[in-house]
Protein chains: 2
Amino acid sequence: MSLSLVETVSRRIITLARHHSSDRLPTERDMSAKFGVSRGVVREAAKRLELQGLLEIRQGSGMKVVDKLHKPLSSAVNMLVPDEKQRLYQLTEVRLALEPENARLAAERAKPSILKKLRGAHERLMNCRDFETQVLADMEFHCLIAEASGNKIGALLMQSLSDLLQSSLSHGYRLVTKDKAVADHYKIFMAIMAHNGNAAADAMRKHLLNARNDLTLKNRKLAPP
Amino acid sequence: MSLSLVETVSRRIITLARHHSSDRLPTERDMSAKFGVSRGVVREAAKRLELQGLLEIRQGSGMKVVDKLHKPLSSAVNMLVPDEKQRLYQLTEVRLALEPENARLAAERAKPSILKKLRGAHERLMNCRDFETQVLADMEFHCLIAEASGNKIGALLMQSLSDLLQSSLSHGYRLVTKDKAVADHYKIFMAIMAHNGNAAADAMRKHLLNARNDLTLKNRKLAPP
DNA sequence: AGATCCAATTGGTCGGACCAATTCAAGTAT
DNA sequence: ATACTTGAATTGGTCCGACCAATTGGATCT
């Protein structure tokens with residue numbers, strides 16, 4: 001069972017990306033010459049990697065190495081549940097499963113460096129003046145907790161959920177007020193700092209229940225589906 | 001911000017797939033003529049859909065519509081955590097978060113038709129004679145519970161986890177003995193049938209803790225990472 | 001120094017040719 | 001009549017050179 005040429009070239013691009021001093025890759029034409037294959041094969045291989053979240057490709061500009069392995073899941077969820085309200089409810093249910101455990105594991109495992117980042121995100125949320133910054137800080141807080149859990153798969157899931165949530169929030173949906181989020185995040189943060197797994201998990205659960213109960217679109221509270 | 005031709009053709013292929021009487025799609029050459037684009041564009045569009053888990057493509061044979069939206073996540077997780085033992089441990093942690101909630105929601109929401117399927121999977125596990133059938137029935141049981149929860153996103157995550165687990169199990173890893181799995185699944189099933197969410201979640205949690213504690217490779221019990 | 005312009009560069013698309021894998025109809029053997 | 005084999009047609013995989021669309025960076029102008 002031999003690999004297709006495209007598969008082989010995909011792997012060579014990954015290797016190249018890992019050893020390249022810049023985040024910029026050679027052009028399609030250069031790689032075609034370098035690997036001894038047609039430009040179409042390079043193109044197809046690069047497109048695979050783009051879809052997998054490993055490259056970003058711009059016409060006229062070239063290819064850039066990125067690390068966004070969560071992107072395919074975000075796309076899949078969008079396709080699976082096209083209705084945004086439904087999607088938000090289901091995302092919140094999944095969050096109610098995942099995030100209390102993230103918080104518990106973070107309380108047990110978090111390193112000082114990441115706790116520092118977490119404090120930074122919390123402070124950015126407290127101090128923010130515009131909605132966009134609020135959303136970014138809020139989601140960053142949650143992603144850092146997932147990262148602090150030490151479970152890479154959980155962190156990838158959280159990054160994807162975060163992207164999806166950000167997209168909905170930019171379409172007018174609202175989960176919780178800033179004040180409630182700040183208060184809830186503070187409790188979560190303090191429990192993690194105190195290495196109290198149960199308290200962290202409980203605080204996260206309450207935060208997400210608040211989010212579910214307060215779901216609004218354009219200042220209109222939504223009924224559950 | 002206009003769509004690229006490839007993106008446009010991708011969407012047209014999806015529409016075609018949804019309205020086509022067979023699960024077989026027209027050839028690259030036919031779609032090229034039908035859509036008025038070059039064969040390269042059709043090819044690239046089709047490859048996108050293949051990577052997204054919506055098509056399967058075979059040289060000499062053509063394209064088949066499938067529904068495997070979970071595949072991109074499985075690939076991403078494989079890339080993220082290449083080490084299989086690490087991956088299994090992390091998968092089990094994620095399962096410990098997700099699956100008790102799946103079981104709880106299944107207890108609240110499951111319809112008779114899916115409970116019947118669940119019973120079927122349980123019976124297949126009880127009666128199986130070979131390891132491969134055991135694995136399939138075991139994973140099917142878990143995926144049906146996720147489906148019974150009514151949360152499509154949770155079900156997609158579970159399908160992906162299931163694929164990943166099956167892959168590891170085919171490489172020699174073992175999670176629990178068949179007898180333990182049968183006994184644990186029975187408790188989960190009975191709690192779901194009784195619409196007792198808490199009992200279902202507890203039974204699932206215990207089952208997964210057993211799985212974590214019993215992780216072996218080639219009859220050798222593994223230490224946690 | 002900052003703004004504008006434009007040619008070079010890079011990705012996107014096209015079409016025709018040829019190669020590799022699969023399918024199925026026709027022919028052969030039992 | 002049934003089972004097996006063969007080979008041509010079909011379908012996807014790759015190649016090549018040409019041309020189109022978007023971006024970049026150097027040159028020029030203010």
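These values consider heavy atoms only, across backbone and side chains, with no hydrogens, waters or symmetry-generated copies. Order of the sequence lines fixes the chain letters, A, B, ..., with proteins taken first and strands second; residue numbering starts at 1 for each chain.
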* **Value in whole Å for how far the P atom of dT9(C) lies from CZ of R24(A)** => 17 Å

* K180(B): what forms a salt bridge (charged side-chain N to carboxylate O under 4.0 Å, His left out) with it, not counting sequence neighbours? -> D214(B)

* Is the side chain of S10(B) donor-acceptor paired with the backbone N or O of V6(B) at a distance under 3.5 Å, no angle test? -> yes

* To do: With sequence neighbours left out, write down each residue that passes side chain to side chain donor-acceptor pair (under 3.5 Å) with D67(B), or none if nothing qualifies.
  => none

* Could you give all pairs that pass the salt bridge (Lys or Arg N to Asp or Glu O under 4.0 Å) test and reach residues 30-45 of chain A, with sequence neighbours left out? -> E28(A)-R39(A), E28(A)-R43(A), R43(A)-E44(B), E44(A)-R43(B), E44(A)-K47(B)

* To do: Measure from CD on E56(A) to C1' on dT23(D) and round the result to the nearest Å.
  => 16 Å

* To do: Just jot down the side chain to side chain donor-acceptor pair (under 3.5 Å) partners of S74(B), sequence neighbours excluded, or say none.
  => S160(B)

* Nearest-Å distance for atom pair CD1/P, residues I57(B) and dG13(D) -> 6 Å

* Can you list the residues that meet the side chain to side chain donor-acceptor pair (under 3.5 Å) rule with E101(B), with sequence neighbours excluded? -> R104(B)

* L5(A) has an atom CG; how far is it from atom P of dA21(C), in whole Å? -> 12 Å

* Asked: In residues 43-53 of chain A, which ones come under 4.0 Å of DNA chain C, going by heavy atoms?
  -> R43(A), K47(A)

* Structure fact -> Among the nucleotides dT14(D), dG12(D), dT13(C), whichever has the atom closest to the side chain of V6(B) is dT13(C)

* Between dA18(D) atom P and R39(A) atom CZ, what is the distance in whole Å? -> 13 Å

* Summarise how protein sits on nucleotides 4-11 of chain D as a single string, 5' to 3': B when a protein heavy atom is under 4.0 Å from the base, S for sugar-phosphate-only contact, - for no contact. => -------B

* Asked: Can a side chain N or O of S38(A) be found less than 4.0 Å away from OP1 or OP2 on dT14(D)?
  -> no

* Asked: Can you list every pair that meets side-chain hydrogen bond (donor to acceptor under 3.5 Å, both in side chains) and has a residue in residues 54-64 of chain A, with sequence neighbours left out?
  -> E56(A)-K68(A)

* **Residue list, side-chain contact (heavy atoms from CB on, under 4.5 Å) with I114(A), at least two apart or on another chain** => A110(A), L144(A), E147(A), A148(A)

